[in-house]
Visitor: 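Sending over a structure as structure tokens; questions will come in a sec.
All residue numbers in this chain count up from 1 along the given sequence. Hydrogens, waters and symmetry mates play no part in the numbers below; they use all other heavy atoms, side chains included. Just follow the structure's listing: the first ligand is 1, and inside any ligand the first atom is 1.
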Amino acid sequence: MVEPLTLTLLGMDREEIAALVREAGEPGYRAKQIMDAVYRQRVETLAEISTLPQEFRERLAESGVLVGAARIEQKFVSVDGTVRYLIGFGDGQSVETVWMPEGDGGEAGDGSEAGVEAEGFVPSTSGAKAQFLEPDPDAGLEGLLHPPQHRGSKDRGTQKPWRASSGRSTICVSSQVGCAVDCQFCLTALLGVKRNLTAGEIVGQVCAVLKDQGVSPPEDRINLVFMGMGEPLLNYENFVKASRLLVEGVGIAERRMTVSTAGIVPRIREFGEEKIRPKLAISLNASNDELRTRVMPVNKKWTLEMLMAAAREFPLRTREWITFEYVLLGGVNDNPENAREVAELLRGLRCKVNLIALNPGPGIDFTTPSVERVALFQKILREAGIPAFVRRPRGRDIYAACGQLKRTVEVATLPESQLQTISPAPER
Ligand code: SAH
């Protein structure tokens, strides 16, 4: 059977929707009505766009236009409140999207100023040493010890215990189905890359999660990180278009979004020139070329020297800094000597470092270093004047933490109450 040609509204920008409206012979203001319905109201079907005349909706449907909303196929809820969504698309492929309520405080959520403020970090704007206000040694545990429902939240009448009430929730989105980069410590790498996501599929993840959580930016302050499955800079056009749609359509501010890259150097340079762009995070993960090539084969093509040159030349905006992520692999890259090398590499850069103790997984041949070892690494960086933070793992029990996104559906240890299967709603 030949599939009818379809066109999804989700993924179209203002100009594209305006063109569609024009071609249909409709007045110009219909474009804004469609933009609002798709990105603000987050409708799932044309029938729900009640601002449009019935006749126009029917004509759109007849010409093969769909909303193209993403479908939540499964949902896993962690004991720490993190939710991992399995989100499916029309061709049967799926990706994972993670919701981290109440601030990141976790390793993926670097887009949050809140996480930084919580630790009293004042970024240096001049390349001089960053300042630390009284760091709270227990900040990382706070969220686990006092989950938000015990903190007198300002919930507006909903029963969702983890609802974003203080505007610090973070969504972690995927950019590809699987990943081609082959980092040796990452479970997503084991999938290989199946395909790129379209801009609509990237934004669709965000819309589906916002809707499910009953939150709406900009009233609810949502941070967003492109740190799910895939390498965003290897799906460059769609990723950039998606970030524009998230700003213009969905209403998430640029400064609340961060993209993480394994180090696709030419794309980092191109990205710096974009008018609308999220903040930049770079997965460093090793302190010298030999080590980095071993754990991240992509380093053969784009060496540390090339990567650091791109980082140094990256055009930062006012009050912006680059984040470097560093996954600590026990006995491999977590020695004091490695910390000193990292400090050398980053000297003089307006940046901060997020340390992530390895999240383990089947098929991953590395170990998680001890808390003491991680703390020593952090101490060496801080003493060298580099702001360094230890990210609290989020949702490890449901395979939602960094590097664990592998579309795992058998989470054997989960009680039934934490595993919810959603039956997909048919479009229209
Ligand atoms: N491909 C992009 C986006 C993924 S972000 C990138 O590499 O940056 C995911 C982050 O999790 C990266 O910083 C990555 O280094 C880190 N990560 C991967 N596997 C991990 C694991 N098993 N434990 C902890 N962090 C991991």
Visitor: Report yes or no: is the cationic atom of Arg71 (NZ for Lys, CZ for Arg) closer than 6.0 Å to the six-membered ring centre of Tyr85, at no more than 45° off its axis?
Guide: no
Visitor: Identify, by atom number and element, the atoms of ligand 1 in contact range of Gly228, meaning under 4.0 Å from any of its heavy atoms.
Guide: 4 (C)
Visitor: Below 4.0 Å, non-hydrogen atoms only: which portion of Asn285 touches ligand 1? Side chain, backbone, both or neither.
Guide: side chain
Visitor: So between Cys402, Ser175, Pro393, Ser174, whose heavy atom ends up nearest atom 21 (C) of ligand 1?
Guide: Cys402
Visitor: With no hydrogens and no angle check, is any side-chain donor or acceptor of Lys194 less than 3.5 Å from a backbone partner on Gln93?
Guide: no
Visitor: Checking contacts here: is it the side chain or the backbone of Leu358 that comes within 4.0 Å of ligand 1, counting heavy atoms only? Could be both or neither.
Guide: both
Visitor: Where does the angle between the aromatic ring planes of Phe226 and Phe239 fall among parallel (under 30°), tilted (30 to 60°) and perpendicular (over 60°)?
Guide: perpendicular
Visitor: Passes side-chain hydrogen bond (donor to acceptor under 3.5 Å, both in side chains), Ser175 versus Glu231? Steps please.
Guide: CA-CA 7 Å; Ser175 54; Glu231 168 50 52; over 6 Å; no
Visitor: Below 3.5 angstrom, do we get any N/O pair linking Phe185 and ligand 1?
Guide: yes
Visitor: Let me know which of Arg277, Arg255, Lys352 forms a salt bridge (Lys or Arg N to Asp or Glu O under 4.0 Å) with Glu320.
Guide: Arg277
Visitor: For atom 1 (N) of ligand 1, which candidate among Cys179, Ser260, Gly230 provides the closest heavy atom?
Guide: Gly230
Visitor: Can you name the atoms of ligand 1, numbered from 1 with element, that are less than 4.0 Å from a heavy atom of Ile356?
Guide: 24 (C), 25 (N)
Visitor: Can you tell me how far apart CG (Asn354) and CD (Gln378) are? Round to the nearest 0.5 Å.
Guide: 10.0 Å
Visitor: Provide the number and element of each atom of ligand 1 under 4.0 Å from a heavy atom of Cys186.
Guide: 18 (C), 19 (N)
Visitor: Please work out, at 4.0 Å between heavy atoms, whether the side chain, the backbone, both, or neither of Met227 comes within that distance of ligand 1.
Guide: both
Visitor: Which ligand 1 atoms does Ala262 reach within 4.0 Å, using its non-hydrogen atoms?
Guide: 6 (C), 7 (O), 8 (O)
Visitor: Heavy-atom contacts with Glu231 under 4.0 Å: which atoms of ligand 1 show up? List them by number with element.
Guide: 1 (N), 2 (C), 6 (C)
Visitor: Report yes or no: is the cationic atom of Arg84 (NZ for Lys, CZ for Arg) closer than 6.0 Å to the six-membered ring centre of Tyr399, at no more than 45° off its axis?
Guide: no
Visitor: Please work out whether any backbone atom (N, CA, C, O) or any side-chain heavy atom from C-beta onward of Asn359 is under 4.0 Å from ligand 1, and answer side chain, backbone, both or neither.
Guide: both
Visitor: Looking only at atom types and distance, does a side-chain atom of Arg40 sit under 3.5 Å from a main-chain N or O of Ala37, one as donor and one as acceptor?
Guide: no
